[in-house]
2 protein chains.
Amino acid sequence: MMRVSDKHSKITQAAVKVFAKKGFFNARISDIAKEAKVADGTIYLYFNNKYDILISLFEDEIGKIILQVKLLLEKEDDPCQKLHIFAKHHLLLLEEKKDLAEVLQMELRQSNEFMKEYRNTKFIEYIDIISAIIHQGQDMGIFNKAISPGIAKRAIFGALDEMSRLWVLADDPHYTIEETADQVCNLFLNGLKNPPAPTT
Amino acid sequence: MMRVSDKHSKITQAAVKVFAKKGFFNARISDIAKEAKVADGTIYLYFNNKYDILISLFEDEIGKIILQVKLLLEKEDDPCQKLHIFAKHHLLLLEEKKDLAEVLQMELRQSNEFMKEYRNTKFIEYIDIISAIIHQGQDMGIFNKAISPGIAKRAIFGALDEMSRLWVLADDPHYTIEETADQVCNLFLNGLKNPPAPTT
DNA sequence: GATTTTTATGAATCGATATTCATTTTTGGT
DNA sequence: ACCAAAAATGAATATCGATTCATAAAAATC
C-alpha cells in the first residue's frame, strides 16, 4: 500500500499546478484528480472540500518556507544581511517553485466572507520574521527607531510580493532575482534619497 | 427615460459592492441585479458577461484615479512631496471607497489564463506615475541614481497595496492613514538605516 | 487462502447560476 | 391618444461541477 502521506502530497502537488494555471475557482476537482492520477472521490478521503485543499496547501507549504528561512537567518547576525537573506530567499521561491508562488499570492487575495474570517496565523508568522529583524536592528542602534516595525514589515513584504507578481505575469523578466533582491534591499536600507555629500 | 450612463453606472456601483463582499466568483449576477434594482437581463444590455463587468469597472475607476492624482501632482515640484502626495492619495482611497479598494486589489490577483492574457494598461499607467517621480528626482540630483525606477515603482506600489490589504482585512486598524503614509514615505525616502552621525 | 478492514473508484446526484429571449413596459414623436 | 422603437423584464434554459455513495480493489490479519 502507498503511504497515506504520499497520496496526500500527490494531491497537494497536483492542486498547486492546477490552481496556478486556472485559479482556484476555475480549477475543477476533476482537473486535480486527473493531474494527481487518482479518482475524483479519492480527494475527499484526504480533504473535506475544495477550499480545504487550498488552506491546507497554504499552511503546509508556508510552514516549510518559514523553517527554511529561519534556519538560514540563525547563522547571521547583521540585520542588513538578514534582510538580504530574507529577500533573496523569498524571491528564489519563484525560480524554484513558480506555481507555488503564484498560488500563495492568490490565496492572500481571495476576497470573500470566508477569507475574512480565516485568521491566517502562518502568514503572520512569516512576516513577523521581518519585524523581528527590524527590531533587532533598532536595538543594535543600526536602524532608525522612528520606523515602525509593524508598518515596515508589511511594506517590505508587499514590495517583495509585488516583485513576484511581476515575474509570474511577465514572460520576459527584465531583471534577475539577484539584481532585484539587491535593489529592493538597497532601497529599503538606504532609501531613495542621495546620501548627504561626504564631508571633505 | 433614465440616461443610459445612469444605469451603466448604477450597475457598476452595485457590482463594486457585491464583488467586495463576496469576491468575484461567489458574486451572483442576480445579487448585482438586486443591488442595482434592475432585472438580471438588464445587466446584459450594458455588459457582455460577468467578466466584462469586472474589467470595465476596473478601467473606469482606475482611469478616474489616475486623473485625480495627476492633477494633484501637477502643482508640486519636489519629488519627495510628490511621493507623499501619491502615497496619501492611494491610501485615502480606502477611507473614501473601501469597497472599490478591495475590488481593485482582487482584480490584480485573479490568477488564471484569462488574466494572464489581459494586458492591464491602465494599471501600468498608474504605477508609471511613480517611476516618473523617481526619474525626476534622479534628474534633479535628489535621488540616488543607482536605484532602478522600474523596480522601485513596483516596490512602492506593492508596499502601499499591502498596507491597503491590512486595512481591508483588519477590523481595527492600528495606524491612521496619515501615519501610514508618513511612515511608508519616510521608509522609502530615507531607508531603515540610521543617518550617519552628524559631523560635529 | 479466506476473511476482515482499509482504501480507492467513478458514475450519478443535486444544486447552482450565467445567459437567453419571448414578452412587457417605457419613451418620444406625431 | 396612438404608434413604432428602445429599453427592461424575469422565467426558462442549459450547462457545469462539487460532492456522495454503492461498489470494487488492495492490504492486513488470521
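Proteins come first, then strands; the chains are lettered A, B, ... in the order of their sequence lines, and each starts at number 1.
Out of D:dT9, C:dT7, C:dT19, the shortest distance to the side chain of A:Tyr46 is found at C:dT7. If you check D:dT9, D:dA18, C:dT20 against the side chain of A:Tyr44, the one that comes closest is D:dA18. Checked against C:dA8, D:dT19, D:dG10, the side chain of B:Ala39 finds its nearest nucleotide in D:dG10. Side-chain atoms of A:Lys50 lie closest to D:dT19 of the nucleotides C:dT9, C:dT19, D:dT19. When the nucleotides D:dT19, D:dT9, C:dT19 are ranked by their closest atom to the side chain of B:Val38, D:dT9 comes out on top. Of the listed nucleotides (C:dA18, C:dT7, C:dG10), C:dG10 has the atom at the smallest distance from the side chain of A:Asp40. Distances from the side chain of A:Thr42 to the nucleotides D:dA18, C:dT9, D:dA8 place C:dT9 closest.
We find that NZ of A:Lys7 is positioned 8 Å from C1' of C:dT7, with the value rounded to whole Å. Residue A:Arg28 contributes atom CZ, which lies 15 Å from atom P of D:dT19 at whole-angstrom precision. In this structure, the NZ atom of B:Lys22 is 12 Å from the C1' atom of C:dA16, given to the nearest Å. Atom CG of B:Asn26 and atom C1' of C:dT17 are 12 Å apart (whole Å). The nearest whole Å value for the distance from the CZ atom in B:Phe47 to the C1' atom in D:dA8 is 15 Å. Counting to the nearest Å, the C1' atom of C:dA8 and the CD1 atom of A:Ile11 are 11 Å from each other. The separation between B:Tyr51 atom OH and C:dT17 atom C1' is 17 Å, rounded to whole Å. Following rounding to the nearest Å, B:Asp31 (CG) and C:dT19 (P) show an atom-to-atom distance of 14 Å.
Of the inter-residue distances, the one linking B:Ile129 atom CD1 with B:Lys153 atom NZ reads 11.5 Å to the nearest 0.5 angstrom.
Salt bridge annotation for B:Lys88-B:Glu178: present, with a cationic side-chain nitrogen under 4.0 angstrom from a carboxylate oxygen. Classification of B:Lys17 and B:Glu102 as a salt-bridged pair fails, no side-chain N sitting under 4.0 Å from a carboxylate O. Between B:Glu76 and B:Lys82 there is no salt bridge, since no side-chain N of the basic residue sits under 4.0 Å from a carboxylate O of the acidic one.
Stacking of A:Lys122 on the aromatic ring of A:Phe58 is not recorded, the 6.0 Å distance cut-off and the 45° axial limit not both being met.
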